[in-house]
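Data block below; observations after.
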Amino acid sequence: MRTIQSDGAVLCLPDRADGALYTVCCIAGEDFAGELAGIWETLPPVAVILVPPGKWEALSPFPAPALREGEPDFTPGAAAVLDRAAAAYDRLKRDYPLQPGPAIAGYSLAGLTALYGLHGGWGGKFSAFASLSGSLWMEGWDAFAESHPVPPEARAYLSLGGKEEKAGNPRMRRVGEATRAEVGRLKMQLPPRSLHFTLHPGGHFKDIPGRWRAALCWLAEK
């Protein structure tokens, strides 16, 4: 795996590639490159652009109170992160063999950010949207998603740990109900081949590299 630094983003490429590569923009820091290296040989040929998330609480689409006392409140920075991801792809495709129509993917609150892109008008920038253990418990999400249909040509991947809805925080326990509601919503708008939902064993932090591998493989199988 080769890594190329570019204005804060990191492009990960196979050592060899025949032709242009399907590209996934992952909202993740540079430390994710180490986890990615551990699963790289099991992935299909794909390019990955790591887009730094910035402050975790600023990945939210909406303002919301903090989960715990003493933590910062959530602030609406999801749109800015999506714009940075699209700009990183546009910049890198000028110099590297990247296919048009990249995907956007994120874990936890970044997974909610990806789905915000699906519902919020980034269909012209990204062709697929992946939410891994996405924070769909966030207040305001259901109402927003219900009132913002998705592009019919989009593809969507969602995953969740089976124990996540048993979290200690009562707000976070809504994640199972909210994720199932989102899957049902998308079933009404996307063809079956364009939607995938996986329920993984364990809680929020169980086998994160394996969950990323499953998502990246599905996205690259387009």
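Just so we're clear, the structure is a prediction, and the values are computed from it rather than from any experiment.
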Hydrophobic cluster membership, Phe126 vs Leu158, 4.5 Å side-chain cutoff: yes

Flag, side chain of Thr23 to backbone of Pro102, donor-acceptor distance under 3.5 Å: no

Heavy-atom side-chain contact between Ile49 and Leu11 under 4.5 Å: yes

Exam field: side chain Arg171 to backbone Trp137, donor-acceptor pair closer than 3.5 Å: no

Any side-chain heavy-atom pair of Phe197 and Thr179 under 4.5 Å: yes

Closest contact, heavy atoms only, Pro52 versus Ala9: CD-CA, 4.3 Å

Nearest-0.5 Å distance, CG of residue Leu199 to CD of residue Glu164: 9.0 Å

Pairwise distance CG(Asp207) to NE2(His200) - rounded to 0.5 angstrom: 8.0 Å

Nearest-0.5 Å distance that lies between atom OH in Tyr107 and atom NE2 in His204: 5.5 Å

Side chains of Tyr22 and Val24 in contact at under 4.5 Å (non-hydrogen atoms): yes

Non-hydrogen atoms of Pro201 and Lys206 that approach each other most closely: O-CG, 3.4 Å

Side-chain donor or acceptor of Arg155 paired with backbone N/O of Ser194 under 3.5 Å: no

Euclidean distance, Leu67 CG relative to Leu109 CG, rounded to 0.5 Å: 9.0 Å

Geometric class of the His119/Phe144 ring pair [parallel <30°, tilted 30-60°, perpendicular >60°]: perpendicular

For Met138 against Ser60, the heavy-atom pair lying closest together: CE-OG, 3.8 Å

Verdict with supporting geometry, Val48 and Trp40, side chain to side chain contact (heavy atoms under 4.5 Å, CB included): CA-CA 10 Å; Val48 173; Trp40 191 256; 4.0 Å; yes

4.5 Å side-chain heavy-atom contact, Leu216 and Pro44: no

Distance (rounded to the nearest 0.5 Å) between His148 NE2 and Arg185 CZ: 12.0 Å

Heavy-atom side-chain proximity of Lys125 to Ile104 below 4.5 angstrom: no

Rounded distance [0.5 Å steps], OG in Ser159 versus CH2 in Trp218: 11.5 Å

CG/Asp18: more than 12 non-hydrogen atoms of other groups inside 6.0 Å: no

Closest non-hydrogen atom pair, Ala154 against Phe129: CB-CE1, 4.3 Å

Which atom of Ala85 lies closest to which atom of Cys25, heavy atoms considered: O-SG, 4.0 Å

Pair Trp122 + Tyr116: ring centers closer than 6.0 Å: yes

Side-chain donor-acceptor contact under 3.5 Å, Thr198 with His196: yes

Side-chain donor or acceptor of Glu57 paired with backbone N/O of Pro72 under 3.5 Å: no

ILVMFWY network linking Val81 to Leu112, side-chain heavy atoms under 4.5 angstrom: yes

From CA spacing to verdict: side chain to side chain contact (heavy atoms under 4.5 Å, CB included), Leu160, Leu136: CA-CA 10 Å; Leu160 190 68; Leu136 276 67; over 6 Å; no

Beyond-backbone contact of Leu98 with Leu13, side-chain heavy atoms, under 4.5 angstrom: yes

Glu177 side chain near Glu165 side chain, heavy-atom distance below 4.5 Å: no

Non-hydrogen atoms of Asp73 and Ala64 that approach each other most closely: CB-O, 3.5 Å

Exam field: side chain Arg211 to backbone Leu132, donor-acceptor pair closer than 3.5 Å: no

Verify same cluster id: Ile27, Ile208 (apolar side-chain graph, 4.5 Å): no

Heavy-atom check, side chain of Leu43 versus side chain of Met1, under 4.5 Å: no

Cluster link Leu82 to Leu115, ILVMFWY, side chain under 4.5 Å: yes

Val175-Phe62 co-clustered via ILVMFWY side chain contacts under 4.5 Å: yes

Verdict with supporting geometry, Ile4 and Asp95, side chain to side chain contact (heavy atoms under 4.5 Å, CB included): CA-CA 11 Å; Ile4 297 104; Asp95 299 314; over 6 Å; no

Aromatic contact, Trp212 with Phe32 (centres under 6.0 Å): yes

N/O donor-acceptor pair under 3.5 Å between Ser108 side chain and Ala110 backbone: no

